[in-house]
Structures are given as C-alpha cells and as structure tokens.
Amino acid sequence: MSFVEYSDLIRDGDVAIVYLSHESMMHVKVKQGAQTQTRYGVIRHSSDLIGRRYGSKVTCSKGGWVYVLHPTPELWTVTLPHRTQILYTTDIATITMMLELKPGSVVCESGTGSGSLSHAILRSVAPTGHLHTVEFHQQRAEKVAEEFKEHGVDGLVTVRNQDVCKDGFGVSRVADAVFLDIPSPWEAVRHAKAAMKRHGGRLCSFSPCIEQVQRTCEALAEEAFEEISTLEVLLRVHDVRTVYLPLPDFGADPSAQTPGETRPQTPVALKTTTLPREMQGHTGYLTFATKPRT
C-alpha cells in the first residue's frame with residue numbers, strides 16, 4: 001500500500017480509511033487479529049479487511065455497514081491525528097497549482113506539522129521527485145517520519161529536525177518550489193532562495209495574520225523575488241434545492257376547442273441554488289513569489 005500508488009487488495013500492515021458517513025471517517029492500521037470499534041459494531045481485520053478489495057462494503061457486528069477505502073492525501077487530511085493546525089484541501093489545491101508542482105519536482109517545506117500538505121506534495125511529485133521537509137519540533141519530526149514509512153512514501157521524502165530560520169533546509173540549489181508555514185517566514189526567505197535552483201522557481205508562504213504577510217513581502221522584495229502576490233481562498237458551497245413556480249398567464253389558449261379557454265396553471269418544478277447561511281471564514285493568506293533565473 002502506498003499513498004502515491006493504488007493497490008487493489010487490503011493487506012496486513014496497510015493504512016485504510018473506514019468510511020462511516022460523509023462527515024465521519026477514520027483511518028485504521030490493518031493488523032492480523034486486530035479489531036476496530038465503530039458505532040455500527042466491530043470490524044475484525046482478519047476476516048473483514050485482509051484480502052478484501054478496497055472500496056468494499058463491510059458489515060459490522062451490529063449489522064451496520066461501512067466502506068473501506070484506499071488512502072489518498074485528501075482522505076488523510078480529514079482523518080489524520082492532529083499534532084498541529086493543518087492545511088485543508090481548499091488551500092492545498094491552490095498551493096500545489098500555484099507552485100506548478102509536477103512529477104519530478106523537488107520541493108522544500110517547513111514546517112512539516114501533521115503532514116497534511118506533505119502527502120499532497122508527495123503525490124504531485126511522484127515517482128521521480130523529492131520532498132525535503134523541515135520540522136523544528138523533534139517529536140513531531142520523528143512521528144511524521146514514522147508515518148511516511150507506514151504510508152510507503154519514505155523513499156520520496158527527507159525529514160530534518162532543525163530550525164529553518166537559522167539552519168535553512170539542509171540543501172542548496174536543488175528546489176523547484178519552496179513552501180513556508182512558520183511563525184516568522186520572513187526570516188527563512190534567504191534560506192529558501194539558497195535552496196532553489198539557479199534557473200529559478202516558485203515560493204509560497206502561508207500566514208494567518210496580515211502583519212506576517214507584510215513583513216514576508218518586504219523580505220521577498222529585498223531578496224529580488226518577482227511576481228509577489230497574496231490571496232485568500234474562501235470556500236462557499238451553494239445548496240441545491242427544488243422550487244415550484246407558477247407559469248405566467250399568457251392569456252387564452254389559441255389551440256383550445258372552446259373560445260376563451262386558458263391553459264391550466266400547474267406549478268413547474270425547477271432546480272436552483274441558494275447561498276449558505278453560514279460558511280467557513282478566514283484560514284490564512286497565501287503569498288506567492290517567483291525567484292528569477294540567476
């Protein structure tokens with residue numbers, strides 16, 4: 001099992017996603033003889049999971065059922081154990097697009113945190129790219145390295161436990177793109193520039209406060225970065241519903257047998273959308289810049 005390559009069958013040692021409902025999912029480490037408790041009853045790994053196809057419908061001990069799905073970066077984002085605040089798919093999709101990631105890209109990232117964005121980057125750069133990720137906190141760095149190995153992507157990533165603002169990324173002139181999610185990204189801009197290839201590349205910094213954005217933009221300008229821009233991604237999901245509207249009265253029906261006869265005013269069912277009453281608000285600002293060829 002790998003997060004970047006699809007497998008048909010569930011095997012001992014895999015990480016699988018148990019889908020209970022659209023709003024309720026959990027990840028499970030499949031192990032011979034183990035059991036997982038859900039609100040629908042017990043899932044027995046030996047008989048219910050191992051050897052079954054991913055996507056199978058599994059009946060639990062209480063008669064309820066769940067689906068067992070192959071892990072993806074998106075599913076991992078909504079089921080991972082939170083060690084830090086994480087990035088979600090709305091921002092992640094924008095980041096991977098604006099950094100122009102593709103198979104073979106080399107990316108530098110700090111901080112690693114819970115690894116939400118890291119898994120999306122790894123899928124984008126596989127099978128020949130590489131991720132150099134830096135985490136300041138030792139226990140978080142060790143835990144995420146362990147998860148990368150469990151998820152079959154450890155050959156695509158190098159985890160370093162160090163302070164990126166003081167020690168940099170540990171590499172020089174190799175990166176096509178750099179991502180920063182740290183409290184003071186302006187202190188790491190010069191290290192990001194040193195890590196990027198001579199022919200240039202893209203940089204993204206995620207910051208929740210506009211004061212951080214201002215200082216980061218100043219540092220980017222001082223280091224001769226170009227095309228500096230900041231954006232905010234707000235997701236607004238429209239609700240689809242059915243409404244019934246009466247037909248307008250067009251007067252007498254010219255095809256009617258009886259003069260003056262009108263068409264029956266039967267309401268017509270139409271599909272429409274309405275704006276949500278509530279929506280997710282501010283998550284953070286995404287600042288992008290381009291390092292020119294040197």
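Residue numbers start at 1 and run along the sequence shown.
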In short, Ser124 meets Leu101 closest at the heavy-atom pair CB-CB, 4.0 Å
Measure across Arg44 and Ser61 and return the closest heavy-atom pair with its distance rounded to 0.1 Å.
NH1-CB, 4.0 Å
Just by distance, no angles: are the side chains of His45 and Gln32 close enough, under 3.5 Å, to form a donor-acceptor pair?
no
Any donor and acceptor pair, going by atom type alone, linking the side chain of Arg11 with main-chain N or O of Val30 inside 3.5 Å?
no
Verify the neighbour count for atom CZ of Phe206: are there more than 12 heavy atoms of other residues, nucleotides or ligands below 6.0 Å?
yes
In this structure, OG of Ser172 is separated from NE2 of His191 (nearest 0.5 Å) by 12.0 Å
Take atom CD of Gln85 as the centre, draw a 6.0 Å sphere, and report whether it contains more than 12 heavy atoms from other residues, nucleotides or ligands.
no
Tell me if a side-chain donor or acceptor on Glu223 pairs with a main-chain N or O of Lys193 at a distance below 3.5 Å.
no
Got Leu75 and Met25 here, is their nearest side-chain heavy-atom distance under 4.5 Å?
yes
Roughly how far, to the nearest 0.5 Å, is OG of Ser46 from NZ of Lys31?
11.0 Å
Do Asp48 and Thr59 come close enough that some side-chain heavy atom pair is under 4.5 Å?
no
A side-chain contact here means heavy atoms from C-beta on lying under 4.5 Å apart; do Arg52 and Val68 qualify?
no
Asp91 side-chain N/O to Leu87 backbone N/O, donor-acceptor pair under 3.5 Å
no
Which value, rounded to the nearest 0.5 Å, describes the distance between Glu227 atom CD and Ser229 atom OG?
8.0 Å
All heavy atoms of Ala269 vs all of Tyr244, minimum pair found to be CB-CE2, 3.5 Å
Under 4.5 Å between side-chain heavy atoms, counting indirect links through other Ile/Leu/Val/Met/Phe/Trp/Tyr residues: same cluster for Val189 and Phe179 or not?
no
Between His22 and Tyr19, does the ring pair (Phe, Tyr, Trp, His ring centres under 6.0 Å) criterion hold? Intermediate values first, please.
CA-CA 7 Å; His22 187 66; Tyr19 177 98; 7.1 Å; no
Mind listing the closest non-hydrogen atom pair of Val159 and Ala141 along with its distance?
CG1-O, 3.8 Å
Going only through I, L, V, M, F, W and Y residues with side-chain contacts under 4.5 Å, is there a path from Met98 to Val178?
no
If you group Ile, Leu, Val, Met, Phe, Trp and Tyr by side-chain heavy-atom gaps below 4.5 Å, do Val15 and Leu122 land in one group?
yes
Can you hop from Leu180 to Leu99 via hydrophobic side chains spaced under 4.5 Å?
no
Backbone N or O of Thr287 within a donor-acceptor pair of the Thr230 side chain at under 3.5 Å?
no
Treating Ser184 as the side-chain partner and Glu187 as the backbone partner, does any N or O pair qualify as donor plus acceptor under 3.5 Å?
no
Output yes when a side-chain donor or acceptor of Ser105 lies under 3.5 Å from a complementary backbone atom of Lys102, and no otherwise.
yes
Gly104 to Thr128 - nearest heavy-atom pair and separation
CA-OG1, 3.3 Å
Considering only NZ, NE, NH1 and NH2 on the basic side and carboxylate oxygens on the acidic side, decide whether Glu74 and Arg123 come within less than 4.0 Å.
yes
Side chain Ser2, main chain Val4, donor-acceptor under 3.5 Å
yes
For Val66 and Cys60, what are the C-alpha separation, side-chain angles and deciding distance, and is it a side chain to side chain contact (heavy atoms under 4.5 Å, CB included)?
CA-CA 7 Å; Val66 299; Cys60 303; 4.1 Å; yes
Quick check: are there more than 12 heavy atoms from other residues, nucleotides or ligands sitting under 6.0 Å from CD of Gln35?
yes
Checking Thr290 side chain against Pro292 main chain: does a donor-acceptor pair fall under 3.5 Å?
no
Least distance between heavy atoms, Arg39 atom then Ser24 atom
NH1-OG, 3.5 Å
So do Cys165 and Ile182 actually touch side chain to side chain, heavy atoms under 4.5 Å?
yes
Any pair with a residue in residues 61-83 that passes ring pair (Phe, Tyr, Trp, His ring centres under 6.0 Å), sequence neighbours left out, goes on the list, sorted by first then second residue, please.
Phe3-Trp76, Tyr6-His70, His27-Trp76, Tyr54-His70, Trp65-Tyr67, Trp76-His119, Trp76-His151
Using 0.5 Å steps for rounding, measure from the CG atom of Leu270 to the OG1 atom of Thr242.
9.0 Å
Looking at side-chain heavy atoms only, is the closest gap between Asp176 and Val107 below 4.5 Å?
no
Among all residues two or more places apart in sequence or in another chain, which pass the side-chain contact (heavy atoms from CB on, under 4.5 Å) test with Ser116?
Thr77, Leu80, Ile86, Ile92
Please check if the side chain of Asn161 supplies one atom and the backbone of Phe136 the other of a donor-acceptor pair under 3.5 Å.
yes
Non-hydrogen side-chain atoms of Thr283 and Val233 separated by less than 4.5 Å:
no
Trace of the side chain to side chain contact (heavy atoms under 4.5 Å, CB included) decision for Leu131 with Leu156:
CA-CA 6 Å; Leu131 171 64; Leu156 297 170; over 6 Å; no
Any side-chain heavy atom of Val134 sitting closer than 4.5 Å to one from Thr112?
no
In this structure, would Met26 and Ile10 fall into the same cluster of hydrophobic residues linked by side-chain contacts under 4.5 Å?
yes
If I take atom SG from residue Cys209 and atom NE2 from residue His282, how far apart are they, to the nearest 0.5 angstrom?
7.0 Å
Dump the intermediate steps for side chain to side chain donor-acceptor pair (under 3.5 Å) on His132 and Glu109, then the final yes or no.
CA-CA 6 Å; His132 297 272; Glu109 174 198 30; over 6 Å; no
Does a donor on one side chain sit under 3.5 Å from an acceptor on the other, for Thr274 and His238?
no
Should the heavy atoms of other residues, nucleotides or ligands under 6.0 Å from NZ of Lys197 be counted, would the total exceed 12?
yes
Please walk me through it: do Val42 and Thr36 pass side chain to side chain contact (heavy atoms under 4.5 Å, CB included)?
CA-CA 6 Å; Val42 174; Thr36 298; over 6 Å; no
Decide yes or no on side chain to side chain contact (heavy atoms under 4.5 Å, CB included) for Met196 and Arg173, but give the supporting numbers first.
CA-CA 5 Å; Met196 299 173 81; Arg173 299 193 182 280; over 6 Å; no
Mind checking the CG-CG spacing from Leu9 to Asp14? Nearest 0.5 Å is all I need.
9.5 Å
Pairs in or reaching into residues 137-155: which pass salt bridge (Lys or Arg N to Asp or Glu O under 4.0 Å), with residues at least two apart or in two chains?
Lys29-Glu150, Arg83-Glu147, Glu135-Arg140, Lys143-Glu146
Test item: Phe148 and Ser118 side chains (from C-beta on) under 4.5 Å apart, heavy atoms
yes
Counting only N and O atoms by type, is there a donor-acceptor contact under 3.5 Å from the side chain of Thr216 to the main-chain atoms of Gln212?
yes
